[in-house]
Amino acid sequence: MKTKLWFFSVVFIASLLLMACKEEVNAPSPVGKEQAIRKSASMTNGTVISADLYSDDKGKNHWEVKVDMPGAGGIVKFEFHYDSNNLRQISGLNESFNYEINPEMGLIKYSVAKSIALNASNGSVTGWKLEKDDSDNQWQYRFFIFNGSENIGVRINAVNGQVLKIK
């Protein structure tokens with residue numbers, strides 16, 4: 001009887017330790033968060049106002065870093081993959097889009113892409129984002145422009161500045 005009780009106790013304690021280790025592996029990495037903050041700050045001269053861990057609709061974790069932009073203001077959201085800390089997406093969150101972002105990685109600056117988009121479709125920018133397009137695995141800027149009567153979407157190749165689509 002004592003042998004069975006001892007065996008059960010060992011198995012029970014081992015199970016608890018395994019569950020504790022599993023929870024620790026899934027915990028957010030503070031090093032990843034700090035890297036995401038540093039990467040965001042290196043792309044702009046804004047002030048980081050928050051950095052949080054989120055899950056997308058597929059259950060994949062990512063860091064979201066929000067930066068308050070200087071001058072005319074505006075908030076820009078930087079997203080980084082949790083597993084690799086590689087850039088996932090950058091997007092403007094409100095309609096003050098007069099700032100500069102240099103995403104590096106061989107991609108053109110935000111101001112250059114914005115100028116190309118406004119030359120392709122006159123109007124005012126109402127939103128934008130930079131992301132890797134799933135269909136061709138290329139980085140693209142996507143601008144949303146209101147021309148006074150309708151909303152126009154302009155896609156730009158983020159490496160060479162070529163206008164890919166206007167609709």
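Predicted, not measured: the structure shown is a model, and the values here were computed from it.
A heavy-atom distance below 4.5 Å is found between the side chains of V65 and V48.
We find the CG-OG distance between N119 and S121 to be 10.5 Å, quoted to the nearest 0.5 Å.
For the residue pair Q35/N85, the side-chain donor-acceptor check at 3.5 Å is satisfied. No side-chain donor from either of D68 and T47 sits under 3.5 Å from a side-chain acceptor of the other. Side chains of S96 and N98: a donor-acceptor N/O pair is absent below 3.5 angstrom, by distance only. For the residue pair K132/N86, the side-chain donor-acceptor check at 3.5 Å is not satisfied.
The closest donor-acceptor contact from the side chain of Y141 to the backbone of I108 lies under 3.5 Å. Between the side chain of S111 and the main chain of E100, no donor-acceptor pair closer than 3.5 Å is present. N94 places a side-chain N or O within donor-acceptor distance of the main-chain N or O of I75, the cut-off being under 3.5 Å. In this structure, K114 contributes its side chain and V125 its backbone to no donor-acceptor pair below 3.5 Å.
Between D52 and K33 no salt bridge is recorded (no basic side-chain N to carboxylate O distance below 4.0 Å). Using a cutoff of 4.0 Å between basic side-chain nitrogens and carboxylate oxygens, R88 and E131 are not scored as salt-bridged. Using a 4.0 Å cut-off between charged side-chain N and carboxylate O, K66 and E64 make no salt bridge.
Listed here is the closest heavy atom pair of P103 and I90: CB-CD1, 4.2 Å. Residue S40 comes nearest to F78 through the heavy atom pair OG-CB, 3.4 Å, listed as atom of the first residue, atom of the second, then distance.
Side-chain rings of W128 and Y110 approach one another, their centers coming within less than 6.0 Å.
More than 12 heavy atoms of other residues, nucleotides or ligands shown are found within 6.0 angstrom of CG on D56. When the shell of 6.0 Å around NZ of K39 is examined, it contains more than 12 heavy atoms from other residues, nucleotides or ligands. Atom NZ of K109 sits in a sparse spot, with 12 or fewer heavy atoms from other residues, nucleotides or ligands closer than 6.0 Å.
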